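Report on one structure; see the data block that follows.
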Amino acid sequence: MDTRNSSWRPRRDQSDPSRLVAYDVLRAVHEDGAYANLILPQLLRKARLSGRDAAFATNLAYGTLRLQGRWDAIISRCTQGRELSDIDPELLDILRLGAHQLLELETPPHAALYEMVTLTRNELSQNRGGFVNAVLRRVDEKAGQWEEILHKSAATQAEFLAMWHSHPRWIVEEFERSLEANGRMASDVESILAANNTPPKVALVPRDVTKRQLRRALVSEGLEYAQPALMPNALLLESGDPHQLRMIQSGAAGVQDEGSQLIAALLAEAPLSGSDNLWLDMCAGPGGKTATLASYALERGARIHANEPHEHRLDLVANAVDPFADLVDLRLGTGESIGEEEPNAYDRVLVDAPCSGLGSLRRRPESRWNKHPEDILELTRLQTQLLTSAFKALRPGGILLYSTCTPALAETRGVVQAFLDGNPQASLIDPAPTVAQVALRPVDSHQGMMQLWPDTEQSDAMFIAMVSKMAS
Ligand SMILES: C[S@@+](CC[C@H](N)C(=O)[O-])C[C@H]1O[C@@H](n2cnc3c(N)ncnc32)[C@H](O)[C@@H]1O
């Protein structure tokens with residue numbers, strides 16, 4: 001919906017182009033359900049912004065979306081009793097942008113207020129500038145005190161953390177439960193929430209090239225890199241667009257979180273006796289793990305069957321595994337039927353199950369606001385069916401790895417424990433010894449399963465359980 005008043009033309013100052021782009025991103029996300037990371041580059045191009053202006057627009061848009069919960073808690077205390085739900089959504093977005101500049105980017109107050117009032121007058125209407133000015137003045141008056149104010153006003157620590165670190169309350173509680181069940185303290189949740197508010201560095205993985213070749217390509221493009229936290233072959237990009245590298249375009253190297261790199265390495269390197277020539281990737285789209293697995297399969301002389309039910313995602317898998325096309329067979333279909341169709345067929349099986357994605361909130365600034373607790377129950381049904389089918393497809397003595405990009409207990413330990421209870425042929429294999437061999441440092445498992453976290457492993461919060469099949 002275009003909320004601009006078409007009959008009105010600004011008689012005074014122009015809106016700052018970077019702030020206008022950030023505003024348009026927020027509007028597209030909130031009004032049309034757009035993904036910020038897809039819409040932002042289009043809007044930057046349209047506004048012909050680059051360099052520092054583009055960086056400012058990006059920071060402002062992503063940062064405001066990430067900290068939206070904090071800004072809403074603060075703004076609601078500055079509206080003199082007016083509920084946020086009674087404020088027009090486009091006006092609320094301008095207030096959020098203003099709060100982010102005042103309290104996070106440390107923009108001088110006169111500049112932040114002037115720019116937001118100008119934006120309001122130009123994009124909405126002349127007379128709403130006064131409201132924006134009054135609310136943002138009150139926000140600024142208590143700059144430096146808001147953390148304490150919110151802390152005092154919250155009934156529980158979880159309520160405060162949800163506001164201050166800007167997460168839906170139910171997600172904070174999911175993380176707390178998961179931390180405890182994984183042998184950590186519930187109070188560690190604060191560092192997880194803070195990590196979710198810190199954009200991760202882009203991790204690269206060499207697949208059909210060596211790490212040295214990848215490093216040279218980065219240097220020759222003038223891209224700076226840092227050393228990895230978890231996987232010895234990874235490189236972390238400090239800044240810049242990795243897709244400008246020919247190696248990335250061709251699939252010889254890829255963009256992949258270190259946790260995902262670890263999962264592929266774990267499945268490929270877990271000790272196995274007997275045959276080792278046929279691997280299954282049951283939920284392959286868009287193909288990141290398939291491609292990294294393929295680099296191991298190439299050394300081992302193994303083939304991979306990559307399954308995906310959605311055609312457009314299977315196309316992405318085809319693209320991702322292009323350098324390994326000779327050893328990857330693509331299969332369009334649901335995972336639930338593979339166990340019946342191909343019992344005892346595979347030496348190694350990966351079930352990287354569809355999940356709520358609560359483990360990768362740091363990647364997409366708006367995603368935490370679009371998740372719903374009721375989705376989890378439905379997902380656990382599918383996850384259980386996929387794990388059961390995958391286990392049928394595994395040969396006796398083979399190894400299955402079940403992973404999710406969420407720490408939610410129902411989708412992780414809950415699914416795996418219920419499966420183990422109902423399948424006496426399945427035995428849990430602790431991933432920790434193999435992780436100690438393939439990763440740069442050991443990662444603790446708890447009761448035979450492993451949960452990665454963004455604060456300790458600097459990876460997405462991926463869950464890993466490995467199961468082997470005993471001969472019946
Ligand atoms: C978490 S993603 C997998 C990510 C992928 N392994 C990677 O690293 O790029 C889960 C995938 O499972 C697929 N999926 C959804 N329902 C499925 C089903 N019934 N059987 C198999 N895969 C399914 C989704 O389309 C999605 O591509």
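In this chain, numbering begins with 1 at the start of the sequence shown. In this text the structure is predicted, and so the values were computed from the model without any measurement. Heavy atoms only: backbone and side chains are in, while hydrogens, waters and symmetry mates are out. Order of listing sets the numbers, starting from 1, for every ligand and every atom in it.
Close approach to N307 involves these atoms of ligand 1, each under 4.0 Å from a residue heavy atom: 21 (C). The contact set between ligand 1 and A284, taken as ligand atoms under 4.0 Å from a residue heavy atom, comprises 5 (C), 6 (N), 7 (C), 9 (O). Taking every heavy atom of H310 and a limit of under 4.0 angstrom, the matching atoms of ligand 1 come to 25 (O). Shown in contact with G287 at under 4.0 Å from a heavy atom are these atoms of ligand 1, numbered in order with element: 9 (O).
Here C283 has heavy atoms under 4.0 Å from ligand 1 in both its backbone and its side chain. Residue contacts with ligand 1 for C355 are absent, since no atom lies close enough (heavy atoms, distance under 4.0 Å). With a 4.0 Å cut-off on non-hydrogen atoms, M282 touches ligand 1 through its backbone and not its side chain. Of the heavy atoms in T404, none comes closer than 4.0 Å to ligand 1.
The closest approach between a heavy atom of S260 and any atom of ligand 1 is not below 4.0 Å. Using a 4.0 Å heavy-atom cutoff, A353 is listed among the residues neighbouring ligand 1.
Rounding to the nearest 0.5 Å places CG of N319 at 11.0 Å from CD of Q249.
Polar contact with ligand 1: absent for T334 (N/O pair, distance under 3.5 Å). At least one N/O-N/O distance between K289 and ligand 1 falls below 3.5 Å. Annotation: P354 places no N or O atom under 3.5 Å from an N or O atom of ligand 1; distance criterion only. Inclusion of L386 in the set of residues having an N or O under 3.5 Å from an N or O of ligand 1 is not warranted. Between G288 and ligand 1, at least one pair of N/O atoms sits closer than 3.5 Å. Residue contacts with ligand 1: E336 is placed with a nitrogen or oxygen under 3.5 Å of a nitrogen or oxygen of the ligand (distance criterion only). An N or O contact shorter than 3.5 Å is missing between G333 and ligand 1 by distance. Below 3.5 Å of separation, one finds no N or O of D281 facing any N or O of ligand 1.
Around atom CZ of R52, no more than 12 heavy atoms belonging to other residues, nucleotides or ligands sit under 6.0 Å away. Atom CD of Q244 is surrounded by more than 12 heavy atoms from other residues, nucleotides or ligands within 6.0 Å.
Under the side-chain hydrogen bond (donor to acceptor under 3.5 Å, both in side chains) rule, R300 has a single partner from D276, N277, D347, which is D276. Between W453 and the options I192, V443, D460, a side chain to side chain contact (heavy atoms under 4.5 Å, CB included) holds for only I192.
Figure legend: cation-pi geometry between R96 and W71 absent, as NZ or CZ is not positioned both under 6.0 Å from the six-membered ring centre and within 45° of its axis.
Of all heavy-atom pairs between N307 and T334, the closest is ND2-C, 3.8 Å.
In this structure, a donor-acceptor pair under 3.5 Å is absent between the side chains of S260 and Q256. Side-chain contact of K469 with N344: a donor-acceptor pair under 3.5 Å is present, judged by distance alone. E340 and S389 share no donor-acceptor pair across their side chains, judged by distance under 3.5 Å alone.
The protein atom (non-hydrogen) at minimum distance from atom 20 (N) of ligand 1 is G335 N, 2.8 Å. Of the protein's heavy atoms, D352 OD2, 2.7 Å lies nearest to atom 6 (N) of ligand 1. When only non-hydrogen protein atoms are considered, atom 4 (C) of ligand 1 lies nearest to G285 O, 3.1 Å. At the top of the distance list for atom 25 (O) of ligand 1, counting protein heavy atoms only, stands E308 OE2, 2.7 Å. From the protein, the heavy atom lying nearest to atom 22 (N) of ligand 1 is P309 CD, 3.3 Å.
Less than 6.0 angstrom separates the ring centroid of Y346 from the ring centroid of H305.
The shortest distance between side-chain heavy atoms of R184 and D455 falls below 4.5 Å.
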> When you look at N196 and R66, which way does the side-chain hydrogen bond (donor to acceptor under 3.5 Å, both in side chains) test go after all the steps?
Replying inline: CA-CA 9 Å; N196 282 346; R66 258 193 209 100; over 6 Å; no
